[in-house]
Amino acid sequence: MTTPEPLHLELRDLAAGLAVEAGEDALRRRDDVIASAETKSSATDLVTEADRAAERLIIDGITAARPGDGIVGEEGGDRASTTGLSWFIDPIDGTTNFVYGIPDWAVSIAVAEIDPARPDQPGRVVAAAVSDPGKGLLYTAAEGAGAQLDGATIRCSTTSDLGLSLVGTGFSYLADRRRHQAGVIGELLPSIRDIRRHGAAALDLCSVAAGRLDAYFELGLNSWDLAAGWLIATEAGAVVDDLRGGSPSATFTFASTPGIAETLGDELRRLDADRPPSG
Ligand code: IPD
Ligand code: CA
Ligand code: CA
């Protein structure tokens with residue numbers, strides 16, 4: 001483990017405070033906002049006033065403490081960075097669960113160094129927090145400082161047998177992509193212990209970090225879905241990439257305990273899990 005930079009620990013703590021506050025705010029608003037949920041990228045992609053209010057609360061907190069940092073927020077709160085750092089915010093990850101009253105949703109906040117040529121992507125995530133308000137849990141990480149659940153260090157599982165592995169995944173809001181994703185799951189299922197689809201990518205990545213899933217993969221996540229969980233799973237010892245050795249991205253996110261990363265990765269590559277038919 002490298003020595004964490006004091007700034008990264010400060011950013012982690014700022015992210016953690018805002019993730020908890022925004023989660024409590026969303027919980028308080030839930031009953032008033034679910035009836036007026038709207039749709040975004042498809043008829044099944046929901047957004048509520050609680051998503052927008054949580055993002056505003058988080059951005060106000062960042063602006064007060066770090067006015068020069070950039071923002072990439074799911075609900076549109078974007079701002080350019082003058083410091084080389086940007087915040088990637090998913091104010092409610094798992095909005096479908098939030099609306100249905102399933103307590104598996106999260107507030108996901110990451111701070112990343114960015115490449116000026118690709119300011120909308122988290123180049124290197126240095127601090128992260130994911131709050132799980134339905135269960136009152138908080139996951140945190142800073143680069144080189146490990147990953148924590150409610151302050152206690154977490155590590156990914158030690159599984160090395162693919163056949164005994166519990167694997168999480170998620171599905172796109174777009175019908176054509178879902179057909180491809182269903183085909184991959186159908187082929188994979190006989191080779192593993194079982195599949196879980198919890199409905200919040202940030203929590204899936206934190207579940208790999210905490211050893212409650214042995215691996216997780218998903219096609220087509222956005223930067224705000226994956227940035228915080230990427231660091232938390234990495235700091236907990238997981239392999240996190242795009243299935244081909246690159247950074248996780250909108251193309252693909254793969255997170256696995258090291259013991260099955262190669263066998264599961266081989267299987268997913270054989271199934272072209274990261275290459276949906278175009279069109
Ligand atoms: C979604 C959730 C879901 C995943 C989707 C995401 P949202 O985020 O993380 O688990 O399968 O790909 O878009 O829309 O609830 O913020
Ligand atoms: Ca999300
Ligand atoms: Ca969201």
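Atoms within each ligand, like the ligands themselves, are counted from 1 in listed order. Just the heavy atoms: all of them, side chains too, but no hydrogens, waters or symmetry mates, feed the values below.
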Review point. Can you check whether Gly94 has an N/O within less than 3.5 Å of an N/O in ligand 1?
Key: yes
The angle formed at the Ca ion (ligand 3) by O of Ile92 and OE1 of Glu74 is about (to 10 degrees) 160°
Logged contact type for Leu46 with ligand 1, heavy-atom cut-off 4.0 Å, is neither
**Prompt:** Can Val72 be reached from Val111 by stepping across I, L, V, M, F, W or Y side chains whose heavy atoms are under 4.5 Å apart?
**Reply:** no
Discussion item. When you measure from the side chain of Glu55 to the backbone of Glu75, do you find a donor-acceptor pair of N or O atoms at a distance under 3.5 Å?
Written reply: yes
Among N, O or S atoms, Asp93 approaches the Ca ion (ligand 2) most closely through OD1
| Do Arg12 side-chain atoms and Ala141 backbone N/O form a donor-acceptor pair below 3.5 Å? | no
With heavy atoms and a 4.0 Å threshold, my read on which part of Asn222 contacts ligand 1 is neither
I'd like to know if the Ca ion (ligand 2) has an N/O/S atom from Asp90 within less than 3.0 Å of it, counting both backbone and side-chain atoms. yes
### Task
May I ask you to decide if Phe171's main-chain N or O and Arg177's side chain share a donor-acceptor pair within less than 3.5 Å?
no
Separation between CD1 (Ile154) and CD (Gln148), nearest 0.5 Å, reads 7.5 Å
Could you tell me whether the side chain of Lys40 and the main chain of Val47 form a donor-acceptor pair under 3.5 Å? no
*Does a side chain donor of either Asp45 or Ser42 reach within less than 3.5 Å of an acceptor in the other side chain?*
no
ask   = Side chains of Asp69 and Trp87: is there a donor and an acceptor less than 3.5 Å apart?
value = yes
Per-atom filter on ligand 1: closer than 4.0 angstrom to a heavy atom of Gly199 are 2 (C), 3 (C), 10 (O)
Between Arg29 and Asp32, is there a salt bridge with N-O shorter than 4.0 Å? no
Check whether any N, O or S atom of Gly94 sits under 3.0 Å from the Ca ion (ligand 3). no
Are any of the N or O atoms of Ala202 closer than 3.5 Å to those of ligand 1? no
Any N/O of Gly170 closer than 3.5 Å to an N/O of ligand 1? no
Counting heavy atoms under 4.0 Å, the part of His198 that contacts ligand 1 is neither
With heavy atoms and a 4.0 Å threshold, my read on which part of Lys40 contacts ligand 1 is neither
If we number the atoms of ligand 1 from 1 as shown, the ones under 4.0 Å from a heavy atom of Ala201 are 2 (C), 9 (O), 10 (O)
min-distance protein heavy atom vs atom 13 (O) of ligand 1 -> Tyr173 CE1, 3.5 Å
If you scan protein heavy atoms around atom 9 (O) of ligand 1, the nearest is Asp93 OD1, 2.6 Å
Any donor-acceptor pair under 3.5 Å linking the side-chain atoms of Arg79 with those of Ser86? no
among protein heavy atoms, the one nearest atom 6 (C) of ligand 1 is Asp225 OD1, 4.0 Å
Going by the 4.0 angstrom heavy-atom rule, the piece of Ala200 near ligand 1 is backbone
Ligand 1 to Phe171, heavy atom cutoff 4.0 Å, flagged ligand atoms 11 (O)
Here the side chain to side chain donor-acceptor pair (under 3.5 Å) pairs for residues 106-121, sequence neighbours left out, are Glu113-Arg124
Distance-only polar pair, side chains of Asp214 and Ser157, donor-acceptor under 3.5 Å | yes
Honestly, for Asp90 the part within reach of ligand 1 (heavy atoms, under 4.0 Å) is side chain
Atom 11 (O) of ligand 1: closest protein heavy atom, distance to 0.1 Å, is Glu218 OE2, 2.6 Å
Any N, O or S atom of Asp225 closer than 3.0 Å to the Ca ion (ligand 3): no
